Number of protein chains: 2
Amino acid sequence: MYSLDHLRMLVETVETGSFSACARKIGKVQSAVSQGIASLEIDMNLELFDRTTRKPTLTPEGEYVLEFARTILRQVDDLQLATASMTIGEEMRVCLAVDRAFELPRLQQLYRDFSNKYPNTELEVLSVASPDIYDLVKSGRANVGLTFAKLDIDKDVELCGIGNMPFIAVCATDHPLAQKQKIFMHDVIPYRQLLLRGASGFELGHFPKMSTLAWYSNDIHRLYSMLISGCGWAYIPAYVAEGWISKGKIERMDVLFDHKPWSPPVEIVSPKASIGPVTAWVIEELKSLFDND
Amino acid sequence: MYSLDHLRMLVETVETGSFSACARKIGKVQSAVSQGIASLEIDMNLELFDRTTRKPTLTPEGEYVLEFARTILRQVDDLQLATASMTIGEEMRVCLAVDRAFELPRLQQLYRDFSNKYPNTELEVLSVASPDIYDLVKSGRANVGLTFAKLDIDKDVELCGIGNMPFIAVCATDHPLAQKQKIFMHDVIPYRQLLLRGASGFELGHFPKMSTLAWYSNDIHRLYSMLISGCGWAYIPAYVAEGWISKGKIERMDVLFDHKPWSPPVEIVSPKASIGPVTAWVIEELKSLFDND
DNA sequence: GCTCAACCATCACAATATCTGATATTTATT
DNA sequence: AATAAATATCAGATATTGTGATGGTTGAGC
């Protein structure tokens, strides 16, 4: 049965162009590679290289096998990285950074599934502001992020849009705006708008500030307190609003300026390289987050 | 450096619950497994199993490594299958089955990219009717399929929806319906409708037959001939219609009964297991087929 | 058409790695 | 306490892989 070294020889030979060059690169002697490839061909019962030309060229079969070998070795390299970082003490755990606004029931489902599927892997969930998430992933502090999409693309991280999160405008039932029907843009401007904003200070481009006066919080629950005490109105995720409205102190505003709910895009942020299988699983799960809502 | 056998021991030990059972299963002696796991732990510089209990249990590190090992071995098994089928003569090629209605420019781009990326792998493109595609993939005759979505789900194949293909109603410029503006449902009923249908005989649920009289063809080009000779009207993919309309003999009908174009969902069909890397690449490419149209 | 450098295949032998079977020890169960 | 089933360890057997030497082939440059 062939080994990883054999596959490495195949890949390296293609990469360097010759058995000798491959041998030099992997620190062995030419005949070792020659025999290695030969035994690989015997094991697979296939001719991988055409040796009639000066430099060995891949046969169609070889071409096909090469792709498998590449994928396998990439995984092995990732495992290598993972074990290396584990021995130097970095505990293996998965850290998921999500925007504070996401407290979806589906996320709780994900926690449950995670604990069943990977009972021994630690899960850390950081609840932070969207703009901070990119840095957390970039620095390696977090393995995956779930954020409102930035407008500019970031070349250091992998991004994957997964849908939109509808926001609606709400205010307290005793707020002047709650009485009004068919609210125009100019109607809300005089009233204080309550906005979500990251601790880092700046807000997201997707969150439109419409009123001239604004109050901020980095915590959506604090926003609730501010709302019911009549401090102003706010745009909040529709699924949060539902819960609040059912409590009877908050009402949906009948705004005319967006007839379909305003829905900023949501994306998954992951590092460019070396994603472990557990993180990969989390990413796959996150992808279906908005599938049937 | 550890080998595939070592990883296999790890996985099999977890699966069976003990080193001995693992040894029995993989046809070796207990001490071989014991030593194998030990050397794996030395190579990785990690403790994978906790031996204080009766049966060895995975440490958190082991749990983590296990996932990698599983993925790697799955790939190796796939490679095994691929090489086996290649030696018994099944030429390694990728066979893509697409519905006859798809002749998208983006598909031609895919052919070009394929020939660059995998110059030695054969590509076969079968142009067939959507309902036949499921069987082609199921039987292994085709590796991937691109079809209009069936309404019932099929448990034997993997399905992945990728978007919708807009259809519009057209007829010849000299057809009575071309003269009319604001065509109602009852206007089209008396005229012959030209429909796409698979050779297997049955049509897709997504293709609404509205007229009482219908003519069928399994070939969209034949439909064109029928259309320009004034035989009737038809629903055809919008991108096909564009080309035909620009030739001047076909016109878009001003139908009122669907104000947004009728767009059946399109999905990728792939086998449940053992997808080779080239096929995987094709699937990834197909997924973005409708992304920016 | 000759030379030369770089390449590949093959072989016998050396070096490693892996497997075996025996043995001692541990652990949960009766 | 006795038992059954597991694990660790060790020395020797076996198999795999690597080495270095040798000879043959290829293609570029003259």
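Source: prediction; values computed, not measured. Chain A is the first sequence line, chain B the second, and so forth, proteins listed ahead of strands; every chain is numbered from 1.
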What is the separation between atom [atom1] on [X] and atom [atom2] on [N], rounded to the nearest whole Å?
| X | N | atom1 | atom2 | result |
| --- | --- | --- | --- | --- |
| A:Leu40 | D:dG18 | CG | P | 13 Å |
| B:Phe49 | D:dT7 | CZ | C1' | 13 Å |
| A:Ile42 | D:dA15 | CD1 | P | 17 Å |

Donor-acceptor pair, distance only, cut-off 3.5 Å: does the side chain of [X] make one with the backbone of [Y]?
| X | Y | result |
| --- | --- | --- |
| A:Asp156 | A:Lys138 | no |
| B:Thr13 | B:Cys22 | no |
| B:Glu12 | B:Arg8 | no |
| A:Glu41 | A:Leu48 | yes |
| B:Thr147 | B:Ile133 | no |
| B:Ser3 | A:Ser3 | no |
| B:Ser34 | B:Gln30 | no |
| B:Asn143 | B:Cys95 | yes |

Original post:
Would you call A:Asp113 and A:Arg106 a salt bridge, using N to O less than 4.0 angstrom?
Top reply: no
Subject >> Salt bridge A:Glu67-B:Lys117, side-chain N to carboxylate O under 4.0 Å >> reply: no
Subject >> Sorted by number, the residues of residues 2-16 of chain A with heavy-atom contact under 4.0 Å to DNA chain C >> reply: none
**OP:** Only counting residues at least two apart or in another chain, list the ones meeting side-chain hydrogen bond (donor to acceptor under 3.5 Å, both in side chains) with A:Glu285.
**Re:** none
Under 3.5 Å, which N/O atoms of the protein pair with N/O atoms of nucleotides 24-26 of chain D?
from, atom 1, to, atom 2, distance (Å)
D:dT26, O2, A:Arg54, NH1, 2.9

Subject >> B:Asp50 versus B:Thr59, side-chain donor and acceptor atoms under 3.5 Å >> reply: no
Original post:
Per the end-axis method with five pairs at each terminus, what is the bend angle of the helix from C:dG1-D:dC30 to C:dT30-D:dA1, to 10°?
Top reply: 40°
Subject >> First of B:Ser34 and A:Gly36 reached from the 5' end of DNA chain D, by closest nucleotide >> reply: B:Ser34
Subject >> Contact list for DNA chain D against residues 17-31 of chain A - heavy-atom distance below 4.0 Å >> reply: A:Lys28, A:Val29, A:Ser31
Original post:
Between B:Phe102 and B:Tyr239, is the ring centre distance below 6.0 Å?
Top reply: no
**OP:** Flag yes if more than 12 heavy atoms outside B:Lys25 fall under 6.0 Å of its NZ atom; otherwise flag no.
**Re:** no
**OP:** Provide the start and end nucleotides, 5' to 3', of the part of DNA chain C that has atoms under 4.0 Å from heavy atoms of chain B.
**Re:** C:dT18 to C:dA28
